[in-house]
Amino acid sequence: MSKLLIIGTVAFDAIETPFGKTDKILGGAGTYTGLSASNFKNVDTALVSVVGNDFPQEHFDLLKSKNINIDGIEVVKDGKTFFWSGKYHTNMNKRDTMVTELNVLEHFKPVVPEEYKDAEIVMLGNLHPLVQNAGLEQMSKKPKMVVLDTMNFWMDIALDDLKTLLKKVDVITINDEEAQQLSGEYSLVKAAKVIHEMGPKYVVIKKGEHGALLFHEENMFFAPALPLADVFDPTGAGDTFAGGFTGYLAQQGELSFENIKNAVIWGSNLASFTVEEFGVKRIAEVTEPEVLERLEKFKDLTKFSL
């Protein structure tokens with residue numbers, strides 16, 4: 001089995017959208033990524049993160065039930081789990097952060113389990129670049145592919161650290177506004193070229209409900225987002241995308257441009273389930289027949305002949 005190592009947050013979220021609100025529920029980039037990747041049955045997935053002793057056993061049980069190795073999740077005694085609260089507007093691409101409590105995440109030092117230091121695929125979830133690098137430095141051999149997610153916050157406060165890390169990265173996944181900020185270019189085609197020169201061979205630019213763009217040298221590929229009747233909560237959609245993307249590549253083993261195009265489709269497909277319910281509920285319950293049926297819809301969405 002191919003190994004997929006995910007370094008990312010496991011957290012509590014409280015979410016409000018035009019369709020309702022939640023109390024504290026399970027969230028975190030690492031959680032969404034791991035649950036998404038668990039759809040690939042012959043991939044050995046491990047999650048490295050940190051939580052407090054307020055983190056309930058039922059959430060650990062959920063992750064384990066999906067065959068996600070949680071040996072790398074540190075539990076800090078007398079600590080509190082990272083908490084984020086956000087409110088989405090009618091335009092669900094925009095949100096306001098209401099509360100951010102770093103708690104145990106403030107002093108997080110990732111420790112990669114020994115048996116995953118040779119993982120073929122490494123997914124560096126949205127964390128401080130120095131934390132991401134600390135995890136990557138523990139690998140006993142060079143991974144086949146390193147995928148990094150980041151955000152504008154790290155560009156604001158740790159740009160030099162981020163640029164240093166990008167030299168070690170094969171794929172970066174960011175949204176369109178982040179790509180523009182990182183590159184200084186408004187055109188996403190030009191932005192991708194600038195970011196490519198920073199190190200990543202592949203640049204994936206996520207555009208929310210408008211799909212995702214993949215850039216590699218002179219090649220471009222566009223994956224649409226499936227139009228949905230109901231979108232309740234976009235939280236974690238990008239992280240679900242990352243899990244589908246990396247899980248597919250870990251399963252396939254071959255990292256050709258064609259396979260990476262397919263990985264973008266798989267990521268978009270799985271992300272379309274996450275937004276249908278609050279939190280991780282939908283992606284945790286999705287079945288293989290549902291995933292395959294929706295893949296056919298993606299195929300039909302763009303199929304045409306000349």
Side-chain angles (χ1 to χ4, degrees), residues 1-15 22 24-51 55-73 81-84 110 113 116 119 121-127 147 149 173 206 212 225-226 228 231-251 263-295:
M1 294 177 73
S2 294
K3 295 179 183 177
L4 167 61
L5 176 68
I6 300 164
I7 301 175
T9 54
V10 174
F12 293 133
D13 290 343
I15 302 158
T22 72
K24 282 187 178 182
I25 59 174
L26 176 61
T31 306
Y32 283 100
T33 304
L35 290 172
S36 178
S38 72
N39 285 278
F40 302 91
K41 303 305 180 186
N42 60 341
V43 175
D44 183 2
T45 301
L47 178 54
V48 173
S49 192
V50 62
V51 296
F55 195 74
Q57 183 62 40
E58 65 187 87
H59 294 340
F60 286 123
D61 292 341
L62 171 64
L63 295 170
K64 288 193 288 187
S65 74
K66 298 297 182 180
N67 296 315
I68 300 170
N69 185 294
I70 60 172
D71 293 345
I73 300 182
T81 301
F82 172 53
F83 172 65
W84 174 84
Y116 290 94
I121 308 289
V122 175
M123 177 67 219
L124 302 175
N126 182 15
L127 291 162
V147 184
D149 187 25
T173 69
K206 299 170 290 185
L226 191 69
L228 299 169
V231 176
F232 282 92
D233 174 20
T235 308
D239 304 309
T240 306
F241 174 94
F245 182 87
T246 53
Y248 178 83
L249 291 174
Q251 177 179 263
V264 171
I265 293 291
W266 270 92
S268 296
N269 184 39
L270 288 166
S272 73
F273 290 101
T274 290
V275 302
E276 292 181 329
E277 296 271 5
F278 281 103
V280 303
K281 185 177 188 301
R282 187 70 173 99
I283 193 61
E285 296 176 350
V286 70
T287 64
E288 184 177 2
E290 287 178 312
V291 172
L292 296 178
E293 180 184 359
R294 192 162 288 187
L295 272 176

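Under the 4.5 Å side-chain criterion, counting only non-hydrogen atoms from C-beta, Y32 is in contact with T235. Side chains of F40 and L4 form no contact here, defined as non-hydrogen atoms less than 4.5 Å apart. Between V51 and F60 there is a side-chain heavy-atom pair separated by less than 4.5 Å. Between V48 and P113 there is a side-chain heavy-atom pair separated by less than 4.5 Å. Taking the side chain as every heavy atom from C-beta outward, V291 and V286 approach each other to under 4.5 Å. Side-chain atoms of F55 and L26, non-hydrogen and from C-beta on, do get closer than 4.5 Å to each other.
Scanning all heavy atoms of the two residues, the minimum distance from P234 to V275 falls at CA-CG1, 3.8 Å. Here the closest heavy-atom approach between residue I283 and residue L270 is recorded as CD1-O, 3.9 Å. I70 and K64 get closest at one heavy-atom pair: CD1-CG, 3.5 Å. Across V122 and L124, no two heavy atoms sit closer than the pair CG1-CD2, 3.8 Å. For V264 against A212, the heavy-atom pair with the smallest separation is CG1-CB, 4.3 Å.
In this structure, OG1 in T33 is found 10.0 Å from CG in N126, a value given to the nearest 0.5 Å. To the nearest 0.5 Å, the span separating CG on L63 from OG1 on T31 amounts to 6.0 Å. To the nearest 0.5 angstrom, F232 atom CZ is 13.5 Å from I15 atom CD1. Between I25 atom CD1 and H59 atom NE2 the span is 9.0 Å, to the nearest 0.5 Å. Distance OG1/T240 to CG/N269: 11.5 Å, rounded to 0.5 Å. Atom CG of D239 is separated from atom CE of M123 by 7.5 Å, given to the nearest 0.5 angstrom.
Formation of a donor-acceptor pair under 3.5 Å by the T246 side chain with backbone atoms of A242 is found in this model. Listed for the S36 side chain is a donor-acceptor partner under 3.5 Å among the backbone atoms of G244. Side-chain N or O atoms of S49 include one that pairs as donor or acceptor with a backbone N or O of G8 at under 3.5 Å. Put simply, the side chain of R294 never gets that close to the backbone of L226: no donor and acceptor are under 3.5 Å apart. No side-chain donor-acceptor contact under 3.5 Å links N67 to the backbone of S38. Side-chain N or O atoms of K66 include one that pairs as donor or acceptor with a backbone N or O of A284 at under 3.5 Å. With T9 contributing its side chain and G28 its backbone, the two residues share no donor-acceptor pair below 3.5 Å.
Ring pair Y248/W266 is parallel by interplanar angle, where below 30° counts as parallel and above 60° as perpendicular.
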* Taking it one step at a time, do F278 and D13 satisfy side-chain contact (heavy atoms from CB on, under 4.5 Å)? -> CA-CA 10 Å; F278 281 103; D13 290 343; over 6 Å; no

* Please assess L47 against I73 for the test side-chain contact (heavy atoms from CB on, under 4.5 Å), listing each intermediate value before the final yes or no. => CA-CA 7 Å; L47 178 54; I73 300 182; 4.1 Å; yes

* Asked: Please walk me through it: do L35 and I68 pass side-chain contact (heavy atoms from CB on, under 4.5 Å)?
  -> CA-CA 8 Å; L35 290 172; I68 300 170; 4.3 Å; yes

* When you look at L228 and S272, which way does the side-chain contact (heavy atoms from CB on, under 4.5 Å) test go after all the steps? -> CA-CA 8 Å; L228 299 169; S272 73; 4.3 Å; yes

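Residues meeting the salt bridge (Lys or Arg N to Asp or Glu O under 4.0 Å) test with R282, sequence neighbours left out: E276, E290.
Other residues, nucleotides and ligands contribute over 12 non-hydrogen atoms within 6.0 Å of the CD atom of Q57.
A salt bridge does not link D233 to K281: none of the charged nitrogens lies less than 4.0 Å from a carboxylate oxygen.
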